[in-house]
Q: 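Let me begin by handing over the structure; questions about it come next.
Below, each value reflects all heavy atoms present in this structure, side chains not excepted, and no hydrogens, waters or symmetry copies.
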Amino acid sequence: MNGRYFIELAEICEKIKETTSKLEKISKLGNFLKNLNDEELSATIRLLNSDILPPWYNKEIQVGYSTLSSIILEISGSSKEEFFKVYVKHGDLGETAEELLKKGKALNPLVQDKLTILKVYKTLLKISEYSGEGSYQSKKNALLNLFVNASPIEAKYLVKIITGELRIGLSEGLLEESLAYALGIPLTNLREKVLILPDLSEVAIRIKNGKYEEIDLELLRPTSFMLAEPMSSPEEIANYFNKEIIAEYKYDGIRAQIHKKDNKIRIFSRRLDEISFYLPEVVESISSLKGVFILDSEIISIKNDKVLPFNILQRRLRRKNIDKKLIEEIPLRAIVYDVLFYNGKQVYKLPLRERKELLKNIDFKDRIELGFFKIVRNSAEISKLFEESLNKGFEGIMIKDPDSPYTPGKRGKAWIKLKKEFDTLDVVIVAAEYGHGKRAGILSDYTFAVKDNNELKVIGKAYSGLTDEEMEILDRKLRDITIEDLGYKIIVKPEIVLEVAFDSIQISDRHDSGFALRFPRIKRIRWDKSPHEIDTIEKVREIYERKKAIFA
DNA sequence: TCTGATGCGTC
DNA sequence: GTCGGAC
DNA sequence: GTCCGACGACGCATCAGA
């Protein structure tokens, strides 16, 4: 197989990693991309964008940390202890592979079959095809075939590409900039098209072949979702807009983009996976609606007038067998609140208030319903609706600018979300783990517990919420109070108290308290509190029961 | 045949 | 989903 | 302002191995 060598790509990545200059990254990569043919350009973009298989391909590589580390062990001939030491040091599997291969006695030191970009890409595609008994070995063999022919630096980038964590200061944003540079078009033009047709590789090839103008929203192909920004109070929202705004309930469900063209129906998830298959009764309901359209909606489950909690709803996803019983047990409905395409017309650029008018033309019925919305003018009205939403068992409200177009992929301030104020618990740190990537080598991940009479019961983990500085202070302190060093993790004396915020409490067997927190984040370190003053398992149970009362 | 580990998507 | 930080 | 990386819990499918 001829073509550009993978080592070229690996070396470009290395240069990108070494410089912090954005312009330099862009010109280095851009110049490389410029000279690739269509097939190689497409493959390179997919490799760099952790997009080896587009989401609607409905296949997965199913190779992760575990498989890769066993391969690294095998070809480097290092001991498990050594592997671990190096891994904790780098906090990155790719860097680990490089270091171990450099000093290891490689299985096959002679490079006989130089890797090309296409060979790598095609091998990864092939790996996704293996399934069934023995597939783990087949995947591993195919990978070994790549790795024995890889130099240390190539091995590093193979690993990084497969895990999807390049960590070289280049992700979709800069990749797009480099591509715009290579194609000689303004970045904004490229961005606009990518949001509408979220497949960088395909967009690039189409533009390269002079088809820029033809790229637009397409029925039965997913487009990016418009996203919302959080605000923390009705006052903040009212002040920000200072005009009449549209308010909707916010549902704790699954985002769904519904496409209908003639009798073809496809539903896409937030990450653009097709999920129609899991939702047969929803598809059936959609098929009875008239018209050709793309709708934005949230799928939730309501039973006996009560909202089912998210973890129950989740049982409807990624399921192979969907039987009658399940459909009755977790009945679905799609709450529709926006329209992007309607009867032959692109309507996503129209202002929201006009799109809401269009929605009235659709004869919603069965499991598909038009989402409630109303105009609000001030913080008091926002507050009122917010309370109403919580009482109904929903998550909060969405506030939207009636003059705004639907901007795929953008998290702008045209849509604002207001969620329930979180509860907090005072907990004590009982263990800590080393971080990854930029947090390599520092104890940045904390396991914490609440009090159960004279015992401590673990209830969750968190790192989010602390500044780098606070993390460093904790790191030093934790090393001082270590009881046991497990290599990747340390057990510490229960001394440091944290105030942890969360959205809700769920029953769980992950931790020995029997509970877990949803969206835990650290509010602050309570240096002023002693571990005797932390919250108890009774309080946890109380919060859990309180929330349960409004659920089915 | 069952169980635990793994990967990956949802939020 | 969450968050802090870099640009 | 915007993007990005580094992280949480959950449930399902799959596969290896007991």
Q: Hey, does the side chain of A/Ser171 come within less than 4.0 Å of D/dC3's phosphate (OP1/OP2), counting only N and O?
A: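 Answer is no, no contact under 4.0 Å.
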Q: Between C/dT2 and A/Lys419, is there an OP1 or OP2 to side-chain N/O distance shorter than 4.0 Å?
A: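 Answer is yes, contact under 4.0 Å.
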Q: Look at the side-chain N and O atoms of A/Arg271 and state whether any lies under 4.0 Å from the OP1 or OP2 oxygen of B/dC8.
A: no
Q: Using a cut-off of 4.0 Å on non-hydrogen atoms, how would the nucleic acid contact of A/Phe502 be classed: base, sugar-phosphate, or nothing?
A: nothing
Q: Side chains of A/Tyr406 and A/Leu352: does their closest heavy-atom pair fall under 4.5 Å?
A: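 Not touching, per the 4.5 Å side-chain cut-off.
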Q: B/dT10 P sits how many Å from A/Ile299 CD1, rounded?
A: 12 Å
Q: Provide, to the nearest angstrom, the distance between the CZ atom belonging to A/Phe448 and the P atom belonging to D/dG8.
A: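 Computing the A/Phe448:CZ to D/dG8:P distance gives 10 Å.
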Q: Would you say that more than 12 heavy atoms from the other residues, nucleotides or ligands in this model lie under 6.0 Å from the NZ of A/Lys523, or not?
A: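 Counting other residues, nucleotides and ligands, NZ of A/Lys523 stays at 12 neighbours or fewer.
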Q: Please determine if a side-chain N or O atom of A/His436 lies less than 4.0 Å away from the OP1 or OP2 oxygen of D/dC7.
A: yes
Q: More 5' along DNA chain D: A/Glu133 or A/Ile459, using each one's nearest nucleotide?
A: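 The residue mapped nearer the 5' terminus is A/Ile459.
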Q: Between A/Tyr251 and A/Arg333, is there a cation-pi geometry (under 6.0 Å to ring centre, at most 45° from the normal)?
A: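 No, A/Arg333 and A/Tyr251 do not form such a contact.
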Q: What nucleotide, of C/dT2, D/dA9, B/dT6, holds the atom closest to the side chain of A/Arg521?
A: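 Nearest to the side chain of A/Arg521 among the choices is C/dT2.
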Q: Under 4.0 Å, counting only non-hydrogen atoms across every strand here, what does A/Gly169 touch: a base, just sugar-phosphate, or nothing?
A: nothing
Q: D/dG11 phosphate, OP1 or OP2: any side-chain N/O from A/Arg318 under 4.0 angstrom?
A: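 So the side chain of A/Arg318 is outside the cut-off, no N or O lying under 4.0 Å from OP1 or OP2 of D/dG11.
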Q: Round to the nearest Å and state the distance from A/Glu229 atom CD to D/dG1 atom P.
A: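 Interatomic distance, CD of A/Glu229 to P of D/dG1: 9 Å.
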Q: Return whichever of A/Gly134 or A/Gln62 has its heavy-atom-nearest nucleotide of DNA chain D closer to the 5' end.
A: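 Taking each residue's closest nucleotide, the earlier one in sequence belongs to A/Gln62.
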Q: Quick one: is C/dG1 close enough that its OP1 or OP2 comes under 4.0 Å of any side-chain N or O from A/Arg270?
A: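 So the side-chain polar atoms of A/Arg270 do come within 4.0 Å of the phosphate oxygens OP1 or OP2 of C/dG1, strictly under.
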Q: Over all strands shown, is A/Asp445 touching base, sugar-phosphate only, or nothing at heavy-atom distances under 4.0 angstrom?
A: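 If one applies the 4.0 Å heavy-atom cut-off, A/Asp445 turns out to touch the sugar-phosphate alone, with no base involved.
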Q: May I ask you to test the A/Ser301-A/Ile312 pair for a side-chain heavy-atom distance under 4.5 Å?
A: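 They are not in side-chain contact.
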Q: Measuring to OP1 and OP2 of B/dT6, would you say a side-chain N or O of A/Thr67 lies under 4.0 angstrom away?
A: no
Q: Between A/Asp252 and A/Ile300, is there a side-chain heavy-atom distance shorter than 4.5 Å?
A: no
Q: Students often get this wrong, so: under 4.0 angstrom with heavy atoms, is A/Glu165 touching a base, only sugar-phosphate, or nothing?
A: nothing
Q: Evaluate the ring planes of A/Trp415 and A/Tyr337, with Trp represented by its six-membered ring, and classify them as parallel (under 30°), tilted (30 to 60°) or perpendicular (over 60°).
A: perpendicular
Q: May I ask you to evaluate whether A/Arg315 reaches the phosphate of D/dC12, defined as a side-chain N or O under 4.0 Å from OP1 or OP2?
A: yes
Q: For atom CD of A/Glu129, decide whether the heavy atoms of other residues, nucleotides or ligands shown that lie under 6.0 angstrom number more than 12.
A: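 It does: A/Glu129 CD has more than 12 such atoms within range.
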Q: Send over the distance from A/Ile254 CD1 to D/dC10 P, rounded to a whole Å.
A: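 Atom-to-atom, A/Ile254 to D/dC10, this comes out as 16 Å.
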Q: Which of these nucleotides, C/dG1, D/dC10, D/dC15, is closest to any side-chain atom of A/Tyr136?
A: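 Looking only at heavy atoms from C-beta outward on A/Tyr136, the closest nucleotide is D/dC15.
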Q: List in chain and number order the residues that pass side chain to side chain donor-acceptor pair (under 3.5 Å) with A/Lys461, two or more places apart in sequence or in another chain; answer none if no residue qualifies.
A: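 A/Lys461 satisfies side chain to side chain donor-acceptor pair (under 3.5 Å) with A/Glu433 once adjacent residues are dropped.
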Q: Has the side chain of A/Glu60 got a donor or acceptor that lies under 3.5 Å from a partner of the other kind on the base of B/dC8?
A: no
Q: When you measure from the side chain of A/Ser508, which nucleotide among D/dC12, D/dC10, D/dT14 comes out closest?
A: D/dC10
Q: Less than 3.5 Å apart, any donor N or O on the side chain of A/Tyr157 or A/Glu98 sitting next to an acceptor on the other?
A: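 The criterion, which ignores hydrogens and geometry beyond distance, is not satisfied for A/Glu98 and A/Tyr157.
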Q: Separation of A/Leu326 atom CG from D/dG11 atom P, in whole Å?
A: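 Taking CG of A/Leu326 and P of D/dG11, I get 14 Å after rounding.
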Q: Would you tell me if any nitrogen or oxygen in the side chain of A/Lys417 comes within less than 4.0 Å of OP1 or OP2 on C/dT2?
A: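 Yes, A/Lys417 has a side-chain N/O under 4.0 Å of OP1/OP2 on C/dT2.
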Q: So, OP1 or OP2 of B/dG9: does either fall under 4.0 Å of a side-chain N or O from A/Ser269?
A: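 The answer is no; no side-chain N or O of A/Ser269 sits under 4.0 Å from OP1 or OP2.
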Q: The side chain of A/Ser66 lies closest to which of these nucleotides: B/dT6, D/dA13, D/dG11?
A: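 Nearest listed nucleotide: B/dT6.
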Q: What integer number of Å spans the C1' atoms of B/dC8 and C/dG1?
A: 16 Å
Q: Using nucleotides 4-7 of chain C, report all nitrogen or oxygen pairs with the protein that are shorter than 3.5 Å.
A:
unit_1: C/dG5; atom_1: OP1; unit_2: A/Asp468; atom_2: N; d: 3.0

Q: Verify the neighbour count for atom NZ of A/Lys243: are there more than 12 heavy atoms of other residues, nucleotides or ligands below 6.0 Å?
A: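 Yes, because the 6.0 Å sphere around NZ of A/Lys243 holds more than 12 heavy atoms from other groups.
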Q: Please tell me if A/Arg518 has a side-chain N or O lying less than 4.0 Å from either OP1 or OP2 of B/dC11.
A: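 Checking B/dC11 against A/Arg518, no side-chain N or O comes under 4.0 Å of OP1 or OP2.
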Q: Write down the distance between CG (A/Leu68) and C1' (B/dT6), rounded to a whole number of angstrom.
A: 12 Å
Q: Rounded to the Å, how far apart are A/Leu195 CG and D/dC3 P?
A: 9 Å
Q: Would you mind reading off the distance between A/Phe422 atom CZ and D/dG8 atom C1', rounded to a whole angstrom?
A: 15 Å
